[in-house]
Amino acid sequence: MQQLFIKNNKQREWLERLATLKEDISGRAAFIDEESIFPSENINALRDIGYTKLTLPEEYGGAGFSLYDAILLQETLGSYDGSTALSVGWSLLTVGELFENRYWDPAKLNFLAEHVNNGAILNRAVSEVATGSPIRGGRPGTIAKQIDDKWVINGRKSYTTASPELDYFITSAWIEEKETTGFFLIPKEAEGLSIDETWDVISMRGTGSHDLVLENVEVDASDLVEIPSYTTGFKLNGWLLIVPATYLGIAQAARDYALHFATTHSPNSIKGTIAQLPNVQKLLGEIELELAVARFSLYGAAESYIEAKRIGIEQRDESEEVGENVVNAVNTAKYVVTNSAIKVVDKAMRLAGARSLQRTNPLQRYYRDVRAGLHNPPMDDMTISKLAESAIKYLEGANKNEKEKVK
């Protein structure tokens, strides 16, 4: 099914390049999960083939991949190892978003591009235990104070994915002098920066999503790189689709296992393989259906986002309704893909039976990993609420227009 979404030779060439790492990355996946270790070897291998600069524009020396291109590769990498894909994925989406929107001063973007070209990976450090998900708009407890020509930052960030390997942390902090939240570019070598290895979970065990601890960390005045104009996560950021693409890849791996098992397992109670049994075919068909729905939602949303950006639509401009629809399309795709991935793995486990619960069986790892998608932004309840609000708003607007016509 994925073949339907490959559109050009550049995508094919990169998929072939990525396939050269499949055996090694897939082969290490179980060990990474069992030991809960960060897949540094995999990240370095991805650096070597230029994967970490995929979403850096060509004018800055990168591969210049669009969102659509990136999710195509992320889905494939996710089928090799979820933890590796999610870890590098957050860097890809951060780079893609920053250079698409040009939030920062040009000199700072040039600085960042130089380091990304040399293999640097980065992520936003936003989550905190006290504030919950940053998409809900909580004020960060991390504080930045200006002292002379420096910013001094203190605080703790949770769920900092890829923290053992990140070269830069784009960290949110409350700026008392400005009474607003700002983002600071902090290098891993900064004095006072440390990683508290708190990541002890059953899902995505290799992402190294530990706590980032900042104790009197000093950065230059120019390292205040961004002051957001929004207060919640409902901005137009299609690059977040890189995250559900990872879970779709995991679901594909579960499907591949189930299909192989069904077409090779031949108990002595039947002639041939279990693939001929109606109940098994039902499960296989339902798996294919879930994957198809997820892919059309994911790639369709990516295309809608790219088109919206091409014609300059933002959520709050004169085309507010169109921009809002694109936001809803992106959020809906995340909802559909992550929930479909959970269903796919569940059906694959039902097909394989009790053997799927063995620790040596990859299905139990897929089962645990896909559930992490529920806790990546935006959360399901927010997506559902936003869809309802948009529907009500649209109807109210239509009724108002009809009344004005009557007058």
Ion pair K10/E58, N-O distance below 4.0 Å = yes
ask   = Under a 4.5 Å cut-off applied to non-hydrogen side-chain atoms, are W151 and I175 in contact?
value = yes
key: Pair D69, S66: side-chain N/O donor-acceptor within cut-off below 3.5 Å   = yes
NZ/NE/NH1/NH2 to OD/OE distance under 4.0 Å, R350 and E286 = no
ask   = Is the shortest side-chain N to carboxylate O distance from D211 to K157 below 4.0 Å?
value = no
ask   = Counting N and O atoms only, with roles assigned by atom type, does the side chain of R102 sit under 3.5 Å from a partner on the main chain of F99, one being a donor and the other an acceptor?
value = yes
Lys/Arg N to Asp/Glu carboxylate O, K347 vs E290, below 4.0 Å = no
query = Counting only heavy atoms not in Q146, do more than 12 sit closer than 6.0 Å to its CD atom?
reply = yes
message = Side chains of N123 and T161 only: does a donor on one sit below 3.5 Å from an acceptor on the other?
response = no
inquiry  = Ring-plane angle category for H115 and F111, please: parallel below 30°, perpendicular beyond 60°, tilted otherwise.
reply    = tilted
query = Does one side chain, of E215 or S194, offer a donor that lies under 3.5 Å from an acceptor on the other?
reply = no
message = Between the side chains of D256 and K22, is the shortest nitrogen-to-carboxylate-oxygen separation below 4.0 Å, so that they form an ion pair?
response = no
